[in-house]
There are 2 protein chains.
Amino acid sequence: MSTSDRGLHGHVLGTLGPAITAGEYPPGSVLRTDELAQRFEVSRSVMREAVRVLESMHLVESRRRVGVTVRPKAEWNVYDPQVIRWRLAGADRPQQLRSLTVLRSAVEPVAAGLAARFATAEQCAKLTESALGMVANSRGHRLEGYLLHDVAFHRVILEASGNEMFARLGDVVAEVLAGRTHHEIMFDDPDPAAVTLHVRVAEAVREGDGERAERLTREIAVGALQELDVLAP
Amino acid sequence: MSTSDRGLHGHVLGTLGPAITAGEYPPGSVLRTDELAQRFEVSRSVMREAVRVLESMHLVESRRRVGVTVRPKAEWNVYDPQVIRWRLAGADRPQQLRSLTVLRSAVEPVAAGLAARFATAEQCAKLTESALGMVANSRGHRLEGYLLHDVAFHRVILEASGNEMFARLGDVVAEVLAGRTHHEIMFDDPDPAAVTLHVRVAEAVREGDGERAERLTREIAVGALQELDVLAP
DNA sequence: GAACAACAATAAGTCTGACTTTTTATGGTT
DNA sequence: AACCATAAAAAGTCAGACTTATTGTTGTTC
């Protein structure tokens, strides 16, 4: 599933990465490549490759005569999709979900405003289709179908914005929405008001009304933030 | 300077990474580890570690019997600080600068709004100090001094927001501001209106007026976007 | 006793060569 | 034309020897 389960190297990463992001090794902890290689029963070459990747994520720092030291959380590359996945799967899942939702609330309204100006005909069509799909699955515990269209909707918005940085947040948003559906919140059926807002955003984008698209998307964001506050005040 | 100039491995990365992000190898291009190792005059182990890191950035994909293929730009981890630095140093610097500025325009206003609620006394002090520093250096070609305080100002805002995802954009903003000062734009002296806005943002944050801080920061962002549009319409 | 210089220990860094495994292309058979 | 066996290619893995930078220690000197 995860992009990094290929090969021994991927397996090591898939174990050590989550352990570090979960805080099992507090900042400043020192690991030694040789010892890790023994523990995971892999050769030093494999272990070194794994450490190099962790280093490129700024999770650890490797120094001669010292070893591999774990860096403080404030230095991690928290935008790395792999790091995000690890953290979402681990102990500070709530905090991660929270900070990602705040990020969404900042980015998506602006993205929607841009989408209204730059979306292609196909993107408008896909957007409307997704919104209608959400409506169709909004009643009667059809959570999976709803999620599918919800993800598609936000993906289109982010891509249609024409900004590559926004577009690359599509996976993150997908992860957040999936998390919300499968774990924490999500009572019986989605909030009808939110569903309506999506439909209206699709309309605004289709009509090229950037300001309205932005304002409506901001309302959706406020709703998402409130959902979080209700759960963990 | 760049975090990755340590060791042979770092040197290889520092050459191959920029080459790829600059588009020297079009998507789908196939490289072979052994050939690269020869070209860079390093051992296969070193080359493999470099490739692993590039793979973790989603710049390339390594497959058996095929080789190391360059991935399309749309799949790159564009939030990786290293990738951002490489792209800012390369050919599509303008586009990168553009998309980063748009990202700033979305994030910073929200961050300022949160900062008004969560900033500590020290952060407020540092913010005011930075704003005054900008004023003091705003006339008479004191660009370096101005830049220093400008970077500090935006860093504090992002950190004081209390959101780790925002905080980690501090380096990116620093890079954008430095780029603006040293390369492209920036006529004789900074726009006086922008300077004033920074002072007023500091005020708003100090007074805990989130809404005003957000609105004012959005004005700053609009100015930054206009600067770009003026330069490349 | 403090400052400093020489030294030794340590863990990462590097290289080499042999071997394994997966995947793709080839070519022959029905 | 479809299919299976085979071969080739490149990444993946391993083991061991060697190099180098860094740090802590020891010993010398004032």
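Below, chains carry the letters A, B, ... as their sequence lines are ordered, and counting in each starts from 1.
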Mutual orientation of the aromatic rings belonging to A:His198 and A:His154 [parallel < 30°, tilted 30-60°, perpendicular > 60°]: perpendicular

With A:Arg39 via salt bridge (charged side-chain N to carboxylate O under 4.0 Å, His left out) - residues at least two apart: none

Where chain A begins and ends its contact with DNA chain C, read 5' to 3' at 4.0 Å from heavy atoms: C:dA9 to C:dT14

Residues forming a side-chain hydrogen bond (donor to acceptor under 3.5 Å, both in side chains) with B:Glu159, sequence neighbours excluded: none

Heavy-atom protein contacts under 4.0 Å, nucleotides 8-18 of chain D, coded B base, S sugar-phosphate only, - none: BBBBBBB--B-

Identified stems (criterion: three or more consecutive Watson-Crick or G-U pairs, under 3.5 Å), DNA chain C: C:1-30 with D:1-30

Tell me which donor-acceptor pairs under 3.5 Å the side chains of residues 46-57 of chain B have, and how far apart each pair is, sequence neighbours excluded?
{"from": "B:Arg48", "atom 1": "NE", "to": "A:Glu49", "atom 2": "OE2", "distance (Å)": "3.0"}
{"from": "B:Arg48", "atom 1": "NH2", "to": "A:Glu49", "atom 2": "OE1", "distance (Å)": "3.3"}
{"from": "B:Arg48", "atom 1": "NH2", "to": "A:Glu49", "atom 2": "OE2", "distance (Å)": "3.3"}
{"from": "B:Glu49", "atom 1": "OE1", "to": "A:Arg48", "atom 2": "NH2", "distance (Å)": "3.3"}
{"from": "B:Glu49", "atom 1": "OE1", "to": "A:Arg52", "atom 2": "NE", "distance (Å)": "3.0"}
{"from": "B:Glu49", "atom 1": "OE2", "to": "A:Arg48", "atom 2": "NE", "distance (Å)": "3.0"}
{"from": "B:Glu49", "atom 1": "OE2", "to": "A:Arg48", "atom 2": "NH2", "distance (Å)": "3.3"}
{"from": "B:Arg52", "atom 1": "NE", "to": "A:His9", "atom 2": "ND1", "distance (Å)": "3.3"}
{"from": "B:Arg52", "atom 1": "NE", "to": "A:His9", "atom 2": "NE2", "distance (Å)": "3.4"}
{"from": "B:Arg52", "atom 1": "NE", "to": "A:Glu49", "atom 2": "OE1", "distance (Å)": "3.0"}
{"from": "B:Arg52", "atom 1": "NH1", "to": "B:Glu55", "atom 2": "OE1", "distance (Å)": "3.1"}
{"from": "B:Glu55", "atom 1": "OE2", "to": "B:Ser62", "atom 2": "N", "distance (Å)": "3.2"}
{"from": "B:Ser56", "atom 1": "OG", "to": "A:Ser56", "atom 2": "OG", "distance (Å)": "3.3"}
{"from": "B:Ser56", "atom 1": "OG", "to": "B:Val53", "atom 2": "O", "distance (Å)": "3.0"}

Listed partners of B:Arg65 passing side-chain hydrogen bond (donor to acceptor under 3.5 Å, both in side chains), at least two apart: none

Set of residues satisfying side chain to side chain contact (heavy atoms under 4.5 Å, CB included) with respect to B:Gln38, sequence neighbours excluded: none

Residue list, side-chain hydrogen bond (donor to acceptor under 3.5 Å, both in side chains) with A:Asp171, at least two apart or on another chain: A:Arg155

Salt bridge (charged side-chain N to carboxylate O under 4.0 Å, His left out) partners for B:Arg87, two or more places apart: A:Glu164, B:Asp92

For B:Glu129, all residues meeting side-chain hydrogen bond (donor to acceptor under 3.5 Å, both in side chains), sequence neighbours excluded: none

Inter- and intrachain pairs under side-chain hydrogen bond (donor to acceptor under 3.5 Å, both in side chains), touching residues 110-122 of chain B, at least two apart: B:Thr120-B:Gln123

